[in-house]
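A quick write-up on the structure given underneath.
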Amino acid sequence: MKDENCIFCRIAAGDIPSTTIYEDEFFIVIMDLSPATKGHALIIPKEHMADIFEMDEKTAGKLFKLAVRIAKAMKKALNCDGLNIVQNNGEIAGQTVRHFHLHLIPRYEGDGQNILWTPGEASDEERRMTAEAIREKM
Ligand code: AMP
Ligand code: ZN
């Protein structure tokens with residue numbers, strides 16, 4: 001369902017131009033307008049879903065298969081040294097466009113980017129309780 005106020009719905013519908021790598025019935029893969037590194041791309045489902053919490057598992061399966069294809073093509077085309085997959089959900093997590101998108105960010109020696117988090121701490125008991133709480137909701 002196209003949302004006129006959503007920039008990625010409008011890109012998926014072809015109403016706003018984008019530099020497209022790939023497109024099929026379900027997804028469009030475009031170059032990020034403000035790339036973190038050369039080749040930074042976004043996989044965007046054509047159907048509007050705000051974030052991962054609105055995505056069904058069937059779509060998720062297709063999405064990750066496509067991510068693997070694009071990542072391997074990036075490796076060959078760009079000769080990157082590594083690649084980060086980033087996917088932000090919610091403002092607190094850094095999501096600025098509220099239409100699901102998966103970032104594929106090729107990495108190069110000396111590219112100056114830092115996409116990692118600061119390691120924290122949790123007791124054995126806390127980890128066990130947290131794991132159990134999540135498992136119960138699956
Ligand atoms: P996020 O912060 O995870 O929501 O990422 C949003 C991403 O969308 C950013 O990397 C932006 O540079 C990118 N972006 C925003 N508008 C456009 C656009 N019109 N075409 C391509 N990328 C865009
Ligand atoms: Zn949308």
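Counting convention: from 1, in listed order, for ligands and their atoms alike.
- Nearest heavy-atom pair, Thr130 versus Glu126, reported as atom, atom and distance to 0.1 Å: OG1-O, 2.7 Å.
- Nearest N, O or S atom of His48 to the Zn ion (ligand 2): atom ND1.
- Residue contacts with ligand 1 for Phe100 are absent, since no atom lies close enough (heavy atoms, distance under 4.0 Å).
- Close approach of ligand 1 to Ile7 is summarised as follows: ligand atoms under 4.0 Å from at least one heavy atom of the residue are 19 (N).
- The 12-atom threshold is exceeded at OH of Tyr22, counting heavy atoms of other residues, nucleotides or ligands nearer than 6.0 Å.
- Judged by distance alone, with hydrogens and angles left aside, the side-chain atoms of Gln95 form a donor-acceptor pair with the main-chain N or O of Ala50 at under 3.5 Å.
- Below 4.0 Å from some heavy atom of Ser34 lie the following atoms of ligand 1, by number and element: 12 (O).
- The distance criterion of under 3.5 Å between nitrogen or oxygen atoms is met by Thr96 with respect to ligand 1.
- At under 3.5 Å, not a single nitrogen or oxygen of Ile30, backbone or side chain, sits near a nitrogen or oxygen of ligand 1.
- The single protein non-hydrogen atom nearest to atom 7 (C) of ligand 1 is Asp32 OD2, 3.6 Å, given as residue, atom name and distance.
- The CD1 atom of Ile44 sits 7.5 Å away from atom OG of Ser18, with the distance rounded to the nearest 0.5 Å.
- The number of heavy-atom neighbours closer than 6.0 Å to CE of Met31, taken from other residues, nucleotides and ligands shown, is above 12.
- At a 3.5 angstrom cut-off on N or O pairs, Phe8 does not count as close to ligand 1.
- Residue Lys38 qualifies as open at atom NZ: its count of foreign heavy atoms under 6.0 Å is 12 or below.
- At least one heavy atom of Gly94 sits under 4.0 Å from some atom of ligand 1.
- Within the 4.0 Å heavy-atom shell around ligand 1 one finds His101.
- Remark: ligand 1 and Val97 share an N or O pair separated by less than 3.5 Å (distance only, no angle test).
- Contacts with ligand 1 closer than 4.0 Å are made by side-chain heavy atoms of Asn88 only, the backbone lying farther away.
- When atom types are taken as modelled, the side chain of Thr37 and the backbone of Pro106 share a donor-acceptor pair closer than 3.5 angstrom.
- Interface atoms of ligand 1 facing Met31, defined by a heavy-atom separation under 4.0 Å, are 21 (C).
- The heavy-atom pair separating Met74 from Gly39 by the smallest distance is CE-O, 3.0 Å.
- Between Arg135 and Glu132 there is no salt bridge, since no side-chain nitrogen of the basic residue lies less than 4.0 Å from a carboxylate oxygen of the acidic one.
- At least one donor-acceptor pair closer than 3.5 Å links the side chain of Lys75 to the backbone N or O of Cys80.
- Judged by the shortest distance from any of its heavy atoms, Gln87 lies outside the 4.0 Å radius around the atoms of ligand 1.
- Residues His101 and His99 keep their aromatic ring centres 6.0 Å or farther apart.
- Geometrically, ligand 1 and His40 share no nitrogen or oxygen pair separated by less than 3.5 Å.
- Set against the non-hydrogen atoms of His103, the atoms of ligand 1 under 4.0 Å away are 1 (P), 3 (O), 5 (O), 7 (C), 10 (O).
- Ligand 1 places these atoms under 4.0 Å from at least one heavy atom of Ile11: 18 (C), 19 (N), 20 (N).
- Ligand 1 has no atom lying under 4.0 Å from any heavy atom of Val86.
- Remark: minimum distance from atom 22 (N) of ligand 1 to any protein heavy atom is reached at Leu33 N, 3.1 Å.
- Closest approach between the Zn ion (ligand 2) and any N/O/S atom of His99 involves ND1.
- Considering all non-hydrogen atoms of both residues, Arg10 and Glu4 come closest at CD-O, 3.1 Å.
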